[in-house]
Amino acid sequence: MKSRRTHTGILVAIAAAAALVLVPSMAGAAPTGTVSRCPLPTFGPGAAYHPTIDPKGFSSHVTNPFFPLKVGRTLVYTGVKHGKAALNLAVTTSRTRVIDNVTTRVVEDRLYLDNVLEERTSDYYAQDVCGNVWYFGEDTATLDADGHVISTDGSFHAGVAGAQPGVFMQAHPTVGRQFRQEWFQGHAEDSFKVISLDSSVTVPAGSFHHALRTAEQTDLEPGVRDNKFYVRGIGEVVETAVRGPAERLQLVEIIS
């Protein structure tokens, strides 16, 4: 699915993102340990949130239908964020990183606003043997117009300084059940719940039916709420604000 956008800034950004995957693979094999079940945490106060993690029950190979991380694939999104024209690139790399004794897949995320790189983030995901995708942390940096790092707020690694991993996508999504996607008090407190398994959505990359729709929020920004739409075999296709500043990112191209 090709985008018709030909802006030089976008082409340069896509080329830079493609280079992120040209790294020798360190992906581990599927977990050899056997676990009898995959307990998912009950939503509750963050201070009491301590999910059970058995490292041998996780893999960096993320194949969940609603959030597949295909090594080498780039998802290209455009829209509006912070009142500016936005380009967002999400690149699933061949790299892995051990976080909280779990081998995770590294996804590189780049956000350009008005054709200037504003944020660069490394996200860390792993899938348990039941097919649930977990989020184990991120390293994020906000940049100024000259490319200098001015903030790393929001960065966290599960298992460090009380930070905890969260459920990002269930193997069998359940409407109405709420999960923490992450927990690092005062820094990373996103949560979500599935509100539909049968939504229709149209973006420049295509029209889709039977999409999964979520409501997402964080206690750090109580006046903001987003909806996201996920499509089988692709992952996220839309992020749109339903409360708070008007923001929207939508999928325009898949580069495999």
Side-chain angles (χ1 to χ4, degrees), residues 1-21 67 69 73-93 106-125 135 137-156 168 181-182 184 186-190 192 201-206 214-230 234-255:
M1 289 174 276
K2 295 292 184 183
S3 167
R4 289 189 238 175
R5 294 174 62 90
T6 58
H7 196 288
T8 301
I10 290 180
L11 294 177
V12 170
I14 291 174
L20 294 174
V21 303
F67 196 70
L69 296 181
R73 173 180 282 181
T74 299
L75 300 181
V76 183
Y77 305 87
T78 60
V80 176
K81 195 171 182 69
H82 304 322
K84 300 179 181 181
L87 165 69
N88 195 90
L89 307 174
V91 184
T92 300
T93 76
V106 180
V107 174
E108 296 289 354
D109 192 281
R110 299 292 182 266
L111 175 65
Y112 296 80
L113 298 181
D114 287 345
N115 294 314
V116 176
L117 180 60
E118 178 94 357
E119 296 178 6
R120 63 170 188 244
T121 304
S122 299
D123 294 304
Y124 308 116
Y125 300 93
Y135 189 49
E138 63 182 84
D139 286 300
T140 188
T142 301
L143 312 176
D144 65 16
D146 296 319
H148 301 131
V149 176
I150 58 176
S151 174
T152 59
D153 191 41
S155 299
F156 78 99
F168 196 86
Q181 292 175 316
E182 57 189 8
F184 184 30
H187 301 276
E189 299 186 17
D190 291 3
F192 83 102
V201 61
T202 296
V203 297
T214 66
E216 305 199 1
Q217 62 186 41
T218 172
D219 289 341
L220 303 179
E221 296 180 295
V224 176
R225 177 172 293 183
D226 294 336
N227 280 180
K228 292 184 180 180
F229 294 78
Y230 296 83
I234 297 175
E236 183 183 323
V237 298
V238 173
E239 176 182 359
T240 187
V242 295
R243 184 189 300 168
E247 297 185 348
R248 181 179 175 89
L249 290 172
Q250 55 187 1
L251 184 67
V252 298
E253 187 172 4
I254 302 171
I255 304 173

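Using modelled atom types, no side-chain atom of T74 and backbone atom of V91 make a donor-acceptor pair closer than 3.5 Å. At distances below 3.5 Å, at least one donor-acceptor pair connects side-chain atoms of D144 with backbone N or O atoms of D146. For the pair E182 (side chain) and D190 (backbone), a donor-acceptor distance under 3.5 Å is present.
Using a 4.5 Å cut-off on side-chain heavy atoms (C-beta onward), D226 and F192 make no contact. Annotation: side chain of R248 is in contact with side chain of V238 (closest heavy-atom distance under 4.5 Å). The side-chain heavy atoms of D153 and T142, taken from C-beta on, include no pair separated by under 4.5 Å. Taking the side chain as every heavy atom from C-beta outward, L249 and E247 never approach each other to under 4.5 Å. The shortest side-chain heavy-atom distance between V149 and R120 falls under the 4.5 Å cut-off.
When the options V76, V237, V203 are evaluated for a side chain to side chain contact (heavy atoms under 4.5 Å, CB included) with V252, the one that passes is V76. For the side chain to side chain contact (heavy atoms under 4.5 Å, CB included) test with L113, the passing option among N115, L111, L117 is L111; the others fail.
One finds the CD atom of E118 at 12.0 Å from the OH atom of Y112 (value rounded to the nearest 0.5 Å). Taking OG1 of T218 as the reference point, atom CZ of R225 lies at 12.0 Å (rounded to 0.5 Å). Within the model, atoms OG1 of T214 and CG of N227 stand 6.5 Å from one another, a figure rounded to the nearest 0.5 Å. For the atom pair CD of E138 and OH of Y125, the computed distance is 8.0 Å after rounding to the nearest 0.5 Å. How far CD of E189 is from CD of E221: 11.0 Å, rounded to the nearest 0.5 Å. Rounded to the nearest 0.5 Å, atoms CG (D109) and CG (L89) are 8.0 Å apart.
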For a side-chain contact (heavy atoms from CB on, under 4.5 Å) check, start with the C-alpha distance between L251 and E236, then their side-chain angles and the critical distance, and finish with the verdict. CA-CA 8 Å; L251 184 67; E236 183 183 323; over 6 Å; no

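The two residues V80 and A246 make their nearest non-hydrogen contact at CG1-O, 4.3 Å. Residues P222 and R243 approach most closely at O-NH1, 4.0 Å, considering heavy atoms. The two residues G154 and A188 come nearest to each other via the heavy atoms O-CB, 4.4 Å.
Residues passing the ring pair (Phe, Tyr, Trp, His ring centres under 6.0 Å) test with H82, sequence neighbours excluded: none. Here Y77 pairs with nothing under the side-chain hydrogen bond (donor to acceptor under 3.5 Å, both in side chains) rule; sequence neighbours left out.
Ring pair Y230/F168 is perpendicular by interplanar angle, where above 60° counts as perpendicular and below 30° as parallel. Using cut-offs of 30° and 60° on the angle between ring planes, the pair Y135 and F156 is perpendicular.
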